[in-house]
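Notes follow once the structure below has been shown.
Every number for a ligand or one of its atoms is a count from 1 in the order of the listing. In this chain, numbering begins with 1 at the start of the sequence shown.
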Amino acid sequence: MVVRGCENRSVNALVVEKQKSRENLFLIGVPCEGILDWHKIVSEVGEAVTAVKEDGQNLMVETRDGYQLLERADFLHDSCKRCIHPNPMSADILIGEPLPEGDPNLARTTVENFETQTIEDRYAWFQKEAERCIRCYACRQACPMCYCEECFVDHIEPRWTESGATPAGMQGWHIVRAFHQTGRCTSCGACERACPMDIKMTYLTEKLNHDMRDKYNFEAGLDAQSQPPFAAVTLDDKNRFTVRGE
Ligand code: SF4
Ligand code: SF4
Ligand code: SF4
């Protein structure tokens with residue numbers, strides 16, 4: 001497999017969860033400069049875009065009326081803009097030179113800025129995002145960590161959540177999906193990129209990632225051994241959960 005930083009993390013996390021066997025994989029690592037966000041390019045240039053060429057730190061955008069030069073960094077997916085680990089950490093070979101690691105404060109700031117809003121404002125924002133959901137489950141299909149044979153939303157007996165496009169059903173889906181990623185989400189952003197409605201669902205998972213970093217010193221998939229804190233509980237723990245490094 002050819003892997004970027006986040007994909008290497010996902011492979012590691014899947015090895016930890018016994019979904020992949022590391023000895024059966026050969027990982028070719030590529031330091032990653034981020035994925036372009038087509039929505040951002042179209043909203044800057046308009047629907048007339050016919051081609052985009054990358055030229056170092058610039059983008060040459062071809063339209064029906066000519067060319068426009070844009071700065072590549074401004075048109076990355078949000079998850080790539082705040083990416084902390086662009087370099088594959090446990091590839092068998094690495095192609096290219098490692099890039100500088102990302103700034104953890106960027107991910108932190110996104111969450112902390114959002115948290116400065118009142119509960120009412122945050123809930124209004126969440127309601128607005130959730131009500132655009134068409135329950136297509138493309139986010140689930142794209143997520144490397146969503147591999148259950150039967151997802152909780154498809155379960156009929158008992159039914160865990162409303163399956164229709166009701167406000168309760170849509171909010172329930174988003175909240176429970178995010179909680180199922182606690183300590184498991186590798187910040188790859190595939191869920192958001194797959195969403196046909198451009199719903200900002202990584203706001204929820206990044207909040208959980210932020211809490212995992214701050215409270216448990218844990219980031220999913222940095223190695224292929226460490227269990228997510230919520231999976232590492234043992235009956236003789238002095239504390240309720242095992243914390244890496246303690
Ligand atoms: S999150 Fe984006 S920038 Fe980071 S490794 Fe993945 S694709 Fe690359
Ligand atoms: S929840 Fe989204 S960002 Fe997290 S691992 Fe899944 S696809 Fe990637
Ligand atoms: S991909 Fe988007 S629209 Fe589809 S279920 Fe996920 S959040 Fe909803």
Side-chain angles (χ1 to χ4, degrees), residues 2-14 16-17 19 27 29-37 39 72-73 75-91 94 96 98-104 106-107 110-111 126 128-148 151-154 161-167 169-210 212 219-222 228:
V2 179
V3 289
R4 301 176 265 229
C6 59
E7 290 157 347
N8 195 159
R9 289 180 64 191
S10 299
V11 169
N12 283 345
L14 290 168
V16 169
E17 296 188 10
Q19 299 303 309
L27 301 183
V30 182
C32 176
E33 294 188 355
I35 298 174
L36 294 174
D37 187 334
H39 294 283
R72 189 179 188 280
F75 294 89
L76 295 176
H77 271 281
D78 290 349
S79 50
C80 296
K81 277 190 161 186
R82 56 178 183 247
C83 173
I84 305 174
H85 305 293
N87 299 302
M89 54 291 296
S90 58
L94 194 67
L99 294 165
E101 286 284 275
D103 178 2
L106 283 181
T110 310
V111 173
F126 172 60
K128 226 164 134 228
E129 286 297 293
E131 78 187 13
R132 294 190 291 117
C133 178
I134 55 172
R135 305 292 290 267
C136 67
Y137 304 132
C139 48
R140 175 187 73 186
Q141 299 312 111
C143 176
M145 303 313 295
C146 273
Y147 55 74
C148 295
C151 176
F152 74 96
V153 280
D154 298 327
T161 181
E162 284 183 40
S163 56
T166 60
M170 291 188 288
Q171 290 178 29
W173 156 240
H174 281 272
I175 290 170
V176 178
R177 190 194 80 88
F179 273 128
H180 283 186
Q181 300 295 342
T182 312
R184 304 175 62 245
C185 168
T186 53
S187 298
C188 68
C191 48
E192 248 177 45
R193 283 195 292 281
C195 178
M197 305 305 289
D198 201 21
I199 293 172
K200 301 288 170 209
M201 65 200 92
T202 54
Y203 269 70
L204 294 178
T205 44
E206 280 304 318
K207 162 66 177 158
L208 294 164
N209 290 345
H210 173 280
M212 280 288 135
E219 287 177 273
L222 292 190

- Decide yes or no on salt bridge (Lys or Arg N to Asp or Glu O under 4.0 Å) for Asp37 and Lys81, but give the supporting numbers first. CA-CA 10 Å; Asp37 187 334; Lys81 277 190 161 186; over 6 Å; no
For Ile35, the atoms of ligand 1 under 4.0 Å from one of its heavy atoms are 7 (S)
Give me the residue, atom name and distance of the protein heavy atom closest to [atom].
atom: atom 6 (Fe) of ligand 3; value: Cys139 SG, 2.4 Å
atom: atom 3 (S) of ligand 3; value: Ile134 N, 3.4 Å
atom: atom 2 (Fe) of ligand 3; value: Cys195 SG, 2.4 Å
atom: atom 4 (Fe) of ligand 3; value: Cys136 SG, 2.3 Å
atom: atom 1 (S) of ligand 2; value: Arg177 NH1, 3.6 Å

Under 4.0 Å between heavy atoms, the region of Met201 that gets near ligand 3 turns out to be side chain
Is any side-chain heavy atom of [Y] closer than 4.5 Å to one of [X]?
X: Leu14; Y: Met145; value: yes
X: Glu101; Y: Pro86; value: yes
X: Phe152; Y: His180; value: yes

Notebook entry, point to check: Counting no waters, what protein N/O/S atoms lie under 2.8 Å from atom 8 (Fe) of ligand 2?
Noted result: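 Near atom 8 (Fe) of ligand 2, below 2.8 Å, one finds Cys188 SG.
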Practice prompt. Within a distance under 4.0 Å of any heavy atom of Trp173, pick out the atoms of ligand 3 and give their elements.
Written response: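 Answer for ligand 3: 5 (S).
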If we number the atoms of ligand 3 from 1 as shown, the ones under 4.0 Å from a heavy atom of Tyr137 are 4 (Fe), 5 (S)
Query - Distance-only donor-acceptor check, side chains Glu129 and His174, under 3.5 Å - result: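 No, no side-chain donor-acceptor contact under 3.5 Å.
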Salt bridge (Lys or Arg N to Asp or Glu O under 4.0 Å) pairs touching residues 182-200, sequence neighbours excluded, are Glu17-Arg184, Asp78-Lys200, Asp198-Lys200
Check: Say you draw a straight line from CE of Met89 to CG of Asn12; how long is it, rounded to the nearest 0.5 Å?
Finding: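 Here the interatomic distance stands at 7.0 Å.
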With the threshold set at under 4.0 angstrom, would you say His174 reaches ligand 3 through any of its heavy atoms?
yes
